[in-house]
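Just follow the structure's listing: the first ligand is 1, and inside any ligand the first atom is 1.
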Amino acid sequence: MQWIEVTGGQTLQGKIRPATAKNSVLPLLAATLLCEGPCRLCDVPQLRDVDTSLALLHAVGGRAWRCGKDIQTRPATTLNGRIPPELAGAMRGSVFYLAPLLCRAGQVSLPLPGGCHLGPRPVDIHLAGLAAMGAQIETEGERVLLRRNGPLHATDFTLRLPSVGATLTLMMAACLAAGTTILRGVACEPEIEDTAMFLNACGGCITGAGTPVMTIRGQESLHGAMHTPLPDRIAAATYAAGVAVAGGKVCIQHCRPAHFESFLQMLVKTGCEVETGKDQVTVSRDPAWRLRGGAELYTAAYPEFATDTAPLAAAVLLGAHGSSSICDRLFQNRFACAEGFSAMGAETVREGRTLKIAGDAVLRGAEVEAPDLRGGAALVVAALGARGTVRVRDEGHIRRGYAHLAADFSALGADCRETWAK
Ligand code: EPU
């Protein structure tokens with residue numbers, strides 16, 4: 001069992017660079033299976049979800065290995081479409097293998113994917129879109145079986161909601177489908193544009209990625225390419241949240257501030273200073289100032305306030321002056337971290353999808369449990385402002401998305417360390 005131990009009260013200073021984005025790396029790794037040539041993904045962080053994805057890729061017959069900081073792939077000789085349940089259950093990103101395996105192996109058997117317990121996470125939009133391209137779909141207990149007779153065909157498909165995962169699935173499938181597919185009502189998250197850039201570098205023809213309507217001209221085959229995934233906007237927001245809580249001044253370098261602008265705007269409203277450059281942002285807060293609360297936040301699809309940053313925003317607002325509320329419109333159970341906040345002395349109430357935060361909390365030392373990836377990170381961030389030592393027990397959620405969260409904050413001056421114990 002991993003523990004992150006934080007003794008609050010130290011301000012943060014310095015510079016930090018976020019890793020490349022987990023939520024780009026996962027679809028990119030799966031997308032390499034679409035390619036008939038070698039691929040190289042550069043600067044890929046050592047995350048648990050990346051290891052799970054590599055294990056999944058190997059299990060279906062793919063060839064990929066780490067080369068220093070990069071991941072190198074070679075085209076598979078034979079692919080099988082059977083995704084092992086223990087790997088599908090370990091992360092939601094297993095769903096990204098659906099389209100590549102259907103296209104390249106002709107069939108796929110996917111046990112329902114796992115991931116953080118954020119509430120129901122159906123795959124109906126992925127399946128409806130693939131069915132519109134000619135996939136035959138059956139469900140067998142907890143597995144979905146997909147087959148195709150001949151190549152998939154193009155379609156004009158409207159997503160019933162802008163699902164990030166379904167957009168990626170259908171975009172990947174359309175790259176090798178016969179004809180020109182139009183996808184409407186798609187998600188516009190930067191990770192989708194990033195995956196489209198990679199696929200286009202492999203010979204794909206995707207236009208409109210990053211807008212609600214995408215057009216994809218199917219190709220006979222794709223070759224390989226080299227690609228550096230974009231910087232992790234949620235990791236960048238995590239560091240920014242840390243400065244807001246602890247005080248100090250930190251420059252987050254090599255990031256894309258526009259990708260987490262809604263979060264930065266929230267910080268400005270609380271009274272933090274935010275200086276934005278082209279590829280860096282400096283966040284500062286005088287620890288003597290009291291942050292302003294009174295925020296009323298609603299999460300929604302990009303570019304609105306991101307669901308993944310909602311627990312981080314909560315961590316910032318716990319000690320701010322005045323009450324705030326955050327409603328997560330995407331996931332039912334986004335605020336499982338509220339229990340940990342309460343154990344540290346914050347007053348929060350969960351009402352359905354909304355977290356109500358009384359504000360003005362003076363946090364104390366406590367032993368808390370990371371309920372999921374972003375909730376775990378939010379507990380660490382909140383602890384940076386606690387009077388006393390907070391021990392965050394983590395059965396591995398945080399390492400799914402942050403290679404060295406404790407070391408990152410410690411390098412900025414926090415009294416924060418990672419320990420292993422039962
Ligand atoms: N949904 C459906 N049917 C579908 C697909 C989605 O009803 O077929 C619903 C979901 O239940 C959810 C909403 O649509 O309520 C949004 O889900 P979406 O498909 O957009 O999310 P996802 O692809 O499962 C990715 C990220 C999440 C991030 C969300 C939203 C990955 C691996 N995961 O999930 O990241 O919160 O988009 O931006 O890319 C994380 O990194 O910790 C994380 C959970």
(message) Less than 4.0 angstrom from a charged side-chain N to a carboxylate O is my criterion; do Arg147 and Glu138 meet it?
(response) yes
Side chains of residues 338-346: which donor-acceptor pairs under 3.5 Å do they make with residues two or more places apart or in other chains?
from, atom 1, to, atom 2, distance (Å)
Ser342, OG, Ala338, O, 3.1

(request) Report the member of Thr167, Asn23, Val95 with the shortest heavy-atom distance to atom 32 (C) of ligand 1. (result) Asn23
(request) Give the numbers and elements of all ligand 1 atoms closer than 4.0 Å to a heavy atom of Arg160. (result) 2 (C), 3 (N), 7 (O)
(message) Can you tell me which portion of Phe331 lies within the under-4.0 Å heavy-atom range of ligand 1? Options are side chain, backbone, both, or neither.
(response) side chain
(message) Please report whether ligand 1 has a polar contact with Gly165, defined as an N or O pair separated by less than 3.5 Å (distance criterion only).
(response) yes
(request) Give the C-alpha distance, both sets of side-chain angles, the deciding distance and a yes or no for salt bridge (charged side-chain N to carboxylate O under 4.0 Å, His left out) between Glu347 and Lys356. (result) CA-CA 8 Å; Glu347 226 182 285; Lys356 299 209 157 164; over 6 Å; no
(request) Show which atoms of ligand 1 fall inside a sub-4.0 Å distance from at least one heavy-atom site of Arg334. (result) 36 (O)
(request) Verify the neighbour count for atom NE2 of His254: are there more than 12 heavy atoms of other residues, nucleotides or ligands below 6.0 Å? (result) yes
(message) Counting only nitrogen or oxygen atoms and a 3.5 angstrom limit, does Leu330 reach ligand 1?
(response) yes
(request) Using only heavy-atom distances, determine whether the side chains of Thr299 and Arg329 contain a donor-acceptor pair under 3.5 Å. (result) no
(message) Tell me the contacting part of Asp124 for ligand 1: side chain, backbone, both, or neither, using a 4.0 Å heavy-atom threshold, strictly below.
(response) both
(request) List every atom of ligand 1 that sits less than 4.0 Å from any heavy atom of His126, numbering the atoms from 1 in the order shown and giving each element. (result) 8 (O)
(request) Please determine if Val164 has a nitrogen or oxygen closer than 3.5 Å to a nitrogen or oxygen of ligand 1. (result) yes
(message) Nearest 0.5 angstrom please: Leu54 CG to Thr73 OG1, how far?
(response) 10.5 Å
(request) Find all atoms of ligand 1 within a distance of less than 4.0 Å from any non-hydrogen atom belonging to Arg374, and give their numbers and elements. (result) 40 (C), 41 (O), 42 (O)
(message) How close do Thr167 and Met214 get, counting heavy atoms only, and between which atoms?
(response) CG2-CE, 3.5 Å
(request) Could you name each residue pair satisfying side-chain hydrogen bond (donor to acceptor under 3.5 Å, both in side chains) that touches residues 303-316, not counting sequence neighbours? (result) Thr307-Asp328, Thr307-Arg334, Asp308-Arg334
(request) Flag Thr307 as yes when one of its N or O atoms lies below 3.5 Å from any N or O atom of ligand 1, and as no otherwise. (result) no
(message) Considering both backbone and side-chain atoms of Leu118, is one of its nitrogen or oxygen atoms within less than 3.5 Å of a nitrogen or oxygen in ligand 1?
(response) no
(request) Enumerate the atoms of ligand 1 whose separation from the nearest heavy atom of Leu373 is less than 4.0 angstrom. (result) 42 (O)
(request) Classify the contact between Pro122 and ligand 1 as side chain, backbone, both or neither, using a heavy-atom distance cut-off of under 4.0 Å. (result) both
(message) Tell me whether Arg160 is salt-bridged to Asp124, with the criterion being a basic N under 4.0 Å from an acidic carboxylate O.
(response) yes
(message) Heavy atom to atom 44 (C) of ligand 1, shortest distance: which of Asp308, Asp328, Thr299, Ile234 holds it?
(response) Asp308
(request) May I ask you to check if ligand 1 and Ile125 share an N or O to N or O distance below 3.5 Å? (result) yes
(request) Measure Asp372 to ligand 1 on non-hydrogen atoms and call it side chain, backbone, both or neither using the 4.0 Å cut-off. (result) neither
(request) Over all heavy atoms of both residues, which pair between Leu267 and Ala244 is shortest? Give the atoms and the distance, please. (result) CD2-CB, 3.8 Å
(request) Could you tell me whether Lys22 approaches ligand 1 through its side chain, its backbone, both or neither, with non-hydrogen atoms closer than 4.0 Å? (result) side chain
(message) If we set the cut-off at 4.0 Å for heavy atoms, which region of Gln332 has an atom near ligand 1: side chain, backbone, both, or neither?
(response) neither
(message) What I want to find out is whether Arg393 reaches Glu367 closely enough, with some N-O distance under 4.0 Å, to be called a salt bridge.
(response) no
(request) Could you tell me whether Arg184 and Asp156 make a salt bridge, using a distance below 4.0 angstrom between a side-chain N and a carboxylate O? (result) yes
